K.L.:
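Mind looking over this structure? Questions follow.
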Amino acid sequence: MVLRFRNLDVTPEDPVEQWGVEGLLTAIDRGSLRDWRRIDAAVDLEPYGALAEQLDTALELAEDVGVVSVLRRRLAAAQDRAARSLVTDRLNENTARFGGTAAAFARAVGTSPSRMSTYLRGTVMPSAAVLVKAELIAEAAARRREADGPPQAATDFRPPSA
């Protein structure tokens, strides 16, 4: 079955992002696996964008409960992957800003190195409190390094006079 849009200025061959709620609704209720895969792929690229909002509206109106269920799960999974990726990126950036080892950063944040490793890989998501604490600790370490200036060479070291 070939998907056709009625009373729309777009065609099913146009990018999914141009379909709008009506086009998405038509694809959900009267489309095929090819159309649903296109929707899934487009949402995967921008899971919190305008298309995701339009898809959410279309899913509320759609009648095909099976397709609705699958696309809802796919949307939620895409949004979860995006959030995990952002958290992982932020923690990795904060680990680098901290300036020490990941193990030292973990201890400063108040967690074990093995738990921090699961956070940095994205297999476990830290609480918002842990993420904020990590950011505050990394910022404080960066400020301390900035205030102390660049490290001095060992030959420049002079012990304090007695």
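For this chain, numbers begin at 1 and follow the sequence in order. From a predicted model like this one, the values you see are computed outputs, not experimental measurements.
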K.L.:
Using a 4.5 Å cut-off on heavy atoms from C-beta on, say whether the side chain of W36 contacts that of V67.
P.N.:
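A side-chain contact exists here, since the closest heavy-atom pair is under 4.5 Å.
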
K.L.:
We want to know whether N92 and T95 form a side-chain donor-acceptor pair, criterion being a heavy-atom distance below 3.5 angstrom.
P.N.:
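Result is no, nothing qualifies.
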
K.L.:
Minimum heavy-atom separation for A134 and L91, please, with both atom names.
P.N.:
CB-CD2, 3.8 Å

K.L.:
Please check: side-chain N/O of R145 versus main-chain N/O of R97, any donor-acceptor pairing under 3.5 Å?
P.N.:
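Looks like yes, one N/O pair under 3.5 Å.
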
K.L.:
Do R38 side-chain atoms and P12 backbone N/O form a donor-acceptor pair below 3.5 Å?
P.N.:
yes

K.L.:
If hydrophobic clusters are built by linking Ile, Leu, Val, Met, Phe, Trp and Tyr wherever their side-chain heavy atoms come under 4.5 Å apart, do V2 and L25 end up in the same one?
P.N.:
no

K.L.:
Answer whether the closest heavy-atom distance between the side chains of V21 and L61 falls below 4.5 Å.
P.N.:
yes

K.L.:
Could you report the tightest heavy-atom contact between I137 and V109, atom names first, then the distance?
P.N.:
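Smallest heavy-atom distance, with atoms named: CD1-CA, 3.6 Å.
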
K.L.:
For a quick test of reading the model, state the closest non-hydrogen atom pair linking N94 to A138 and the distance between them.
P.N.:
O-CB, 3.3 Å

K.L.:
Looking at every heavy atom in both G122 and T88, which two are closest together, and how far apart are they?
P.N.:
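Closest pair (atom of G122, atom of T88, distance): CA-OG1, 3.4 Å.
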
K.L.:
Going by atom types only, do R73 and S69 share a side-chain donor-acceptor pair under 3.5 Å?
P.N.:
yes

K.L.:
Looking at R81 and D44, is there a salt bridge between them, counting it only when a charged N and a carboxylate O are closer than 4.0 Å?
P.N.:
yes

K.L.:
What is the minimum heavy-atom distance between S112 and A106, and which atoms define it?
P.N.:
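Closest heavy-atom pair between S112 and A106: O-CB, 3.7 Å.
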
K.L.:
Taking D80 for its side chain and A76 for its backbone only, find out whether a donor-acceptor pair lies under 3.5 Å.
P.N.:
no

K.L.:
Is it true that a side-chain atom of W19 and a backbone atom of D14 form a donor plus acceptor pair closer than 3.5 Å?
P.N.:
yes

K.L.:
Do T111 and V130 come within less than 4.5 Å of each other through their side chains, counting heavy atoms only?
P.N.:
no

K.L.:
Starting at CG of L131, measure out to CE of M125 and round the result to the nearest 0.5 Å.
P.N.:
9.5 Å

K.L.:
Can you get from I28 to V70 by hopping between Ile, Leu, Val, Met, Phe, Trp and Tyr side chains that sit under 4.5 Å apart?
P.N.:
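Different clusters.
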
K.L.:
Verify the neighbour count for atom CZ of R84: are there more than 12 heavy atoms of other residues, nucleotides or ligands below 6.0 Å?
P.N.:
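Check passes, neighbour count above 12.
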
K.L.:
Write down the atom of A52, the atom of Q79, and the distance for their closest heavy-atom approach.
P.N.:
CB-NE2, 4.4 Å

K.L.:
Using a 3.5 Å distance criterion without hydrogens, assess whether the side chain of D29 forms a donor-acceptor pair with backbone atoms of E63.
P.N.:
yes

K.L.:
Main chain of E22, side chain of T26: is a donor-acceptor contact present, judged purely on distance under 3.5 Å?
P.N.:
yes

K.L.:
Please lay out, stage by stage, how R72 and E60 fare under the test salt bridge (charged side-chain N to carboxylate O under 4.0 Å, His left out).
P.N.:
CA-CA 10 Å; R72 276 199 194 288; E60 291 292 323; 3.0 Å; yes

K.L.:
Taking the side chain as C-beta and beyond, is there a heavy-atom pair between E46 and L51 under 4.5 Å?
P.N.:
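Sidechains of L51 and E46: no contact.
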
K.L.:
Report the distance from atom CE of M116 to atom CZ of R121, rounding to the nearest 0.5 Å.
P.N.:
12.5 Å

K.L.:
Could you measure the distance from the OG1 atom of T57 to the CG atom of L24? Nearest 0.5 Å is fine.
P.N.:
9.5 Å

K.L.:
Can I39 be reached from L33 by stepping across I, L, V, M, F, W or Y side chains whose heavy atoms are under 4.5 Å apart?
P.N.:
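Result: yes, single cluster for both.
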
K.L.:
Within the distance-only criterion (no hydrogens, no angle test), does the side chain of T123 pair as donor or acceptor with the backbone N or O of T118 below 3.5 angstrom?
P.N.:
yes

